[in-house]
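So the structure is just underneath, and the comments pick up after that.
Letters go in sequence order (proteins before strands), and every chain restarts at 1. Below, each value reflects all heavy atoms present in this structure, side chains not excepted, and no hydrogens, waters or symmetry copies.
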4 protein chains.
Amino acid sequence: MTTRRSPDSARRSERSRQAILTAARELVGETGYRKVTIEAIAARAGVGKQTIYRWWPSKGAVILDSILAMSEDEKGEISLPDTGDIEADLRLVIRATVAEFADPAFEAPIRALNSEIIDDPELAATYRERMADPMNEAVRRRLRTARAAGQLAEDADLDLMLEILYAPLYQRWLLRSGPLTPDYADALVDTALRAFRP
Amino acid sequence: MTTRRSPDSARRSERSRQAILTAARELVGETGYRKVTIEAIAARAGVGKQTIYRWWPSKGAVILDSILAMSEDEKGEISLPDTGDIEADLRLVIRATVAEFADPAFEAPIRALNSEIIDDPELAATYRERMADPMNEAVRRRLRTARAAGQLAEDADLDLMLEILYAPLYQRWLLRSGPLTPDYADALVDTALRAFRP
Amino acid sequence: MTTRRSPDSARRSERSRQAILTAARELVGETGYRKVTIEAIAARAGVGKQTIYRWWPSKGAVILDSILAMSEDEKGEISLPDTGDIEADLRLVIRATVAEFADPAFEAPIRALNSEIIDDPELAATYRERMADPMNEAVRRRLRTARAAGQLAEDADLDLMLEILYAPLYQRWLLRSGPLTPDYADALVDTALRAFRP
Amino acid sequence: MTTRRSPDSARRSERSRQAILTAARELVGETGYRKVTIEAIAARAGVGKQTIYRWWPSKGAVILDSILAMSEDEKGEISLPDTGDIEADLRLVIRATVAEFADPAFEAPIRALNSEIIDDPELAATYRERMADPMNEAVRRRLRTARAAGQLAEDADLDLMLEILYAPLYQRWLLRSGPLTPDYADALVDTALRAFRP
DNA sequence: ATATAAACGAGACGGTACGTCAGGTCTTCCC
DNA sequence: GGGAAGACCTGACGTACCGTCTCGTTTATAT
């Protein structure tokens, strides 16, 4: 395989594709999601509108792709540290998540994405498959190890535990209902562990 | 005080105000939030567009108001049952919340609201003040009683407990990442109580 | 009779009437006819819109009145000089008319008036009665004297002669199709006299 | 040269252009100039408003164009009859002009045009170039021939004579200050010839 | 190496909705 | 009880984008 990206068509211009995704990402960052228009993306990318409509079904899809393109560069297989100490490991990863959400550079695009996802179930599914699930799976693997090691209750529902760990974080960020601090991350980890300890 | 609602102006037509809020609510239910337009609201309400722009700064504000108007009719002071059994009481309220979220009649407007709130911090604040906070305060009161009765740990962080109870619910609903069932409600209550038990 | 002006109603506020006419005249001068609005007139005059609509049927009528109010202050009975030399007398009056049209202070309101008159026959009639006819009658009287004195042909059609004298002037001004100079005034007089000499 | 009309752009849709001009002409005839709106023109023409705004700067310009389009279809080179008898030839053309002005079909659009021209000097210039001047030039040519043939004074100012012939006509029509009859046409010709005879 | 067919940039098109503005009517409150 | 103030409904304004649809013009195989 020569290119990482499956070519939707042999003819497709990689040049244009990249220009569009870059333009989309930049515009979301600059003007906020709501104000981004297909016309602006096309203009910034130096591309005809038709070229966007040819390959993406909606504005949301373009923006989702532009964010995925960014985050997929880094990944490969995500995996958590496993020091044997589940508390320490979780604190690390939840603190990192908190920091990421607090980063203004992530703010605009991710907020854009969520805005789009809310009333587009199809987009929501794509998002889950390509962004949330891989991350969740990595954490789930670590939790499984911990459970096997007797650090969590034998019957612990790991999916629920995942939700307990991440949902409050997500809600605070989305609704701006409270600050996202390392202390808060730690409190979440403590609470989750208390709920699911053996 | 003769009217519940503070008149933004003595001149303001209550008739028009009601017609606008009703039209907004109906249209959100019928066509989905994204497709609702100011023009359609004005037309349905038999009102000039200017009358909307005169009193509301944005489409989101109209819709928020229309939903608040609906939910504020019912309230007065919200309060939870207090049977002395915190687990039973919480199950009741969380199950009710799950049911409410699952009700298609609530689906459209609340989803609309959240969509708008995501990138309008001001709207988000209004929403918190007038919808979320009163509800949260009611639950917080019940939790306080339970803590005083020794059913929860003395140092239990009740705000965090609130988040643990509601955020996973909210996330599942918003991202459609899982089913909302009575069992799920019970699982959340169990987990929260386990985490914060004495 | 205490006031010069017939009171449309005993109740009518002369104060408001004057303020409205003044505001109208000023606004026409400042912003040009097309951009004058009833709202602006009301605001400038410190008057409710209704007070204008109560007493005038249209914007054109207000403006016609405002111009008439100005020009009727000065008049009484208009009459031309009669030196016995019809050529000299006509040159004087036509030159004066040319000068008046060339005066930028008259430009805006009169242009406004004509603009309104073109497609409002009723307004046109009022204008003729109260502005054009008195002026025409004055000139016609002088021409009659000249004809009686044998300075014009016995069968001269004085109404036609009036048109020959004034229409070219009016047309040049309205369509801006040529300069309005004293020489032009003289040329018109010469031509008219040549056409109607005995 | 295959088409008479210079294409403002190769892209421009001649279909839309024609539809707009036709709709404009019809609407002016039906509802009067003042009440014609861009929206109505667009709707009648089956065209987006933007397509009008893209190619014309103002409502007046569209309507001027729509009238010009009509009158330019017929012309080519205008020329007057030359029977050798200047009086007969002028009577013919002035009578024709009178008849044209009296024709209700011309009434609405031409009145509309003049209404717009009064306070839009730019439009007035365009009007002169494309409608008035060609007509005037044709008459001026005929007058020149007559002067060369000794039927008019050697020093006759032909531009002035043109004004004497047409301005009274125009004024009567515009201000509705008198009837437009063949007799009136003849009287104008007689007067003009008397003023400029050798 | 050349033909051919797609994808491309450009941008006009018919539309929808925007947010603003003025018109003319109706209502409220003050003097 | 007239008049200022101004909210109301109406409807046009001119603009921004939508998504579709040609236009030539690359560009990249497939002869």
*Of the non-hydrogen atoms in T31(B) and V36(B), which two are nearest, and what is the gap between them?*
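Where T31(B) meets V36(B) most closely, the heavy atoms are OG1-CG2, 3.7 Å.
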*Identify, with sequence neighbours excluded, every residue that meets salt bridge (Lys or Arg N to Asp or Glu O under 4.0 Å) alongside D119(B).*
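Applying salt bridge (Lys or Arg N to Asp or Glu O under 4.0 Å) to D119(B) gives R34(A).
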*Using salt bridge (Lys or Arg N to Asp or Glu O under 4.0 Å) as the criterion, list what pairs up with E107(D), not counting sequence neighbours.*
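Expected list: R111(D), R176(D).
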*asked:* Need to verify one output field. Residue with the more 5' nearest nucleotide on DNA chain E, V47(D) or A40(C)?
replied: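 That would be V47(D).
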Quickly work out the [X] [atom1] to [N] [atom2] distance and round it to whole Å.
{"X": "I52(C)", "N": "dA4(F)", "atom1": "CD1", "atom2": "P", "result": "10 Å"}
{"X": "Y53(C)", "N": "dA4(F)", "atom1": "OH", "atom2": "P", "result": "15 Å"}
{"X": "I41(D)", "N": "dC13(F)", "atom1": "CD1", "atom2": "C1'", "result": "13 Å"}
{"X": "E39(C)", "N": "dT20(E)", "atom1": "CD", "atom2": "P", "result": "15 Å"}
{"X": "Q18(A)", "N": "dC8(E)", "atom1": "CD", "atom2": "C1'", "result": "17 Å"}
{"X": "K35(B)", "N": "dT16(E)", "atom1": "NZ", "atom2": "C1'", "result": "14 Å"}
{"X": "E14(B)", "N": "dA7(F)", "atom1": "CD", "atom2": "P", "result": "16 Å"}
{"X": "I20(B)", "N": "dA7(F)", "atom1": "CD1", "atom2": "P", "result": "14 Å"}

_Test: E30(A) and R44(A) ion pair at under 4.0 Å_ =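 So E30(A) pairs with R44(A) through a salt bridge.
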*Taking the side chain as every heavy atom from C-beta outward, state whether I38(C) and Y53(C) have any atom pair closer than 4.5 Å.*
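I38(C) vs Y53(C): side chains touch.
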Which of the following nucleotides, [options], is nearest to the side chain of [X]?
{"X": "I38(B)", "options": "dC17(F), dA12(E), dG19(E)", "answer": "dG19(E)"}
{"X": "S16(C)", "options": "dT20(E), dA4(F), dC8(F)", "answer": "dA4(F)"}
{"X": "R12(B)", "options": "dC8(F), dA12(E), dA12(F)", "answer": "dC8(F)"}

*asked:* Return whichever of K49(A) or V36(D) has its heavy-atom-nearest nucleotide of DNA chain F closer to the 5' end.
replied: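 Closest to the 5' end, via its nearest nucleotide, is V36(D).
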_Along DNA chain F (nearest heavy atom to each residue), the more 5'-positioned of G46(C) and G48(B)_ =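 Its nucleotide being nearer the 5' end, the pick is G46(C).
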*Atom CG in D65(A), atom CZ in R17(A): separation rounded to 0.5 Å?*
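Going from the CG atom of D65(A) to the CZ atom of R17(A) covers 6.5 Å.
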*asked:* Quick check against the 3.5 Å criterion: does T22(D) have a side-chain atom that pairs as donor or acceptor with the backbone of Q18(D)?
replied: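 Side chain of T22(D) to backbone of Q18(D): a pair is present.
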At a cut-off of 3.5 Å, list every protein nitrogen or oxygen paired with a nitrogen or oxygen from nucleotides 22-26 of chain F, distance to 0.1 Å.
residue	atom	partner	partner atom	Å
dC23(F)	O2	R11(D)	NH2	3.4

*Output yes when at least one side-chain N/O atom of T51(D) is less than 4.0 Å from OP1 or OP2 of dG14(E), else no.*
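Yes.
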